[in-house]
Protein chains: 2
Amino acid sequence: MIRVLLAEDQAMVLGALASLLSIESDLEVVGRAGDGVDALRMARDLTPDVLVTDIEMPGMSGLEVAAALKAESQATRIVMLTTFARPGYLRRALDAGASAYLLKDSPSEQLAEAIRRVAAGGRVIDPTLAAEAWSEADPLTDRERQVLRLSAEGLSSADIAAALSLSDGTVRNYLSEAISKLGAKNRVDAANLARAKGWL
Amino acid sequence: MIRVLLAEDQAMVLGALASLLSIESDLEVVGRAGDGVDALRMARDLTPDVLVTDIEMPGMSGLEVAAALKAESQATRIVMLTTFARPGYLRRALDAGASAYLLKDSPSEQLAEAIRRVAAGGRVIDPTLAAEAWSEADPLTDRERQVLRLSAEGLSSADIAAALSLSDGTVRNYLSEAISKLGAKNRVDAANLARAKGWL
DNA sequence: GTGCATGGATGACAATTGTCACCAGGGGGC
DNA sequence: GCCCCCTGGTGACAATTGTCATCCATGCAC
């Protein structure tokens, strides 16, 4: 019997996934978490064989949960289940010790199958996405990412400067650098491109 | 027996929801659609009692499917199941003849319950969201919305002008108007605010 | 027909944004 | 030690963006 912990912030989807897995006779859903903090706590308490987790969750992302469990060298194997086919996410997931990266776009039958493979010590990663993930590295520095993120929220250069205690000119330099690295037309375009790659 | 058609673009979620409903003895999932066009076609062919549909789907949105079915005065009742608590979406859903508006954030037990209520001729709408939907109307004109949408994609004013066959100054006027109507700081802020309300 | 709202356009102006060159300190890596 | 990269900063300049007043059709209401 493979013991599974599910983490997903949309309650409806969480319940539906649980019902999907409960059909499988060799799987047992031992816990459900609605955010990253709960997921980490329950993973420690329950030590499931496999944690199936979303990436984007309030409080703590699935990537952070995975990294935390890895740091504690927990035996729990991790399946990332996400909406986003973003190379940067996959890369960070693997760095954080995940064993599988599954898209919510893929057929529901694949979830149970992936859990079994992972529990048996294997890995499940989409080959095309993997190729993309290694071909192109995130070119942004931390500062550039921060500045870009704030500008995507609608802050002006002056606002960003104030928020990060930088000078206005420096913020414009970072933004300009990010725009040029990404081959974008302006800050909005740059933010969109970075988001699509999972770098933001 | 209530005959249900499910429409949802994320295959994993679609399968999971089907498994969730298959547990209920008084419900029968008669079809699954992966996009809006399929949903409309299957709704016509199968004439289910209830269509449960996502809003944001490729090709044709759930709102458009609902509107099309309403135009054909189909008896099928509609449950919108979406991630977004956006007043504008709820309003458009009701205008399009939907009987329920459910969030993916709400507990999974509520789905079957909502389907039963709707099949019996009732409505299921979150009261706080409903209040919000009627308190604040979409202030944007069609042109303003179009221009804002393109600017959110990273196009410059000149690009937008070319795309819509308008003059550069006119585009800036619309943008300025939208920014002021929304009380935003700039085009990025305006787009974010409009998106959050479901007006974009 | 007069009045008036709407869509589209100008021109002018200020503010913001994007680019570039260049400077300086601090950590690594080799 | 030297080189390179990251951070942070200036100053200057051009391009884009945002604001306003104003204008002209069109079409609709009365």
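For clarity, every value in this text was computed on a predicted model and none was experimentally measured. Every chain is numbered from 1 and lettered A, B, ... according to where its sequence line falls, protein lines coming before strand lines.
A:Gln10 has its side chain within reach of B:Thr83: a pair of non-hydrogen atoms, C-beta onward, lies under 4.5 Å apart. Side-chain contact between B:Leu14 and A:Ser108 is absent, with no heavy atoms from C-beta onward closer than 4.5 Å. Put simply, the side chain of A:Leu81 does not reach to within 4.5 Å of the side chain of A:Thr53, judged on heavy atoms. Contact check for B:Leu182 versus B:Leu148: side-chain heavy atoms found under the 4.5 Å cut-off.
Regarding contacts with the backbone of D:dT10, every side-chain N or O of A:Thr170 stays at 4.0 angstrom or more from both OP1 and OP2.
Taking 4.0 Å as the cut-off between side-chain N and carboxylate O, A:Lys185 and B:Glu153 do not count as a salt-bridged pair. Electrostatic pairing of B:Glu8 and B:Arg32 does not count as a salt bridge here, judged by no charged N lying under 4.0 Å from a carboxylate O. With respect to A:Asp138 and A:Arg145, a salt bridge is recorded, a charged nitrogen being found less than 4.0 Å from a carboxylate O.
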Which atom pairs link the protein and nucleotides 5-7 of chain C when you take only N or O atoms and keep those under 3.5 Å?
none

Polar atom pairs (N or O), protein with nucleotides 19-22 of chain D, under 3.5 Å:
residue	atom	partner	partner atom	Å
D:dT19	OP2	B:Ser176	OG	2.9
D:dC20	N4	B:Asn173	OD1	2.8

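For B:Asp45, the side-chain contact (heavy atoms from CB on, under 4.5 Å) test picks out B:Arg41, with sequence neighbours left out.
In this entry the distance linking CG of B:Leu166 with C1' of C:dT10 reads 14 Å, nearest Å. Summarising the geometry, the separation between CG on A:Asn186 and P on D:dT16 is reported as 10 Å, rounded to the nearest angstrom. Atoms CG (A:Asp189) and P (C:dT17) sit 16 Å apart, rounded to a whole Å. As a whole-Å value, the separation of B:Asp168 CG from C:dT10 C1' is 12 Å. With rounding to whole Å, B:Leu164 atom CG is found 15 Å from C:dA9 atom C1'.
Distance alone, capped at 3.5 Å, places no donor-acceptor pair between the B:Ser157 side chain and the B:Val171 backbone.
Within residues 144-160 of chain A, no residue has any heavy atom under 4.0 Å from DNA chain D.
Sorted by first and then second residue, the salt bridge (charged side-chain N to carboxylate O under 4.0 Å, His left out) pairs with a member in residues 57-76 of chain B read B:Arg44-B:Glu72; sequence neighbours excluded. Each salt bridge (charged side-chain N to carboxylate O under 4.0 Å, His left out) pair with one or both residues in residues 84-101 of chain A, not counting sequence neighbours, appears once here: A:Glu56-A:Arg86.
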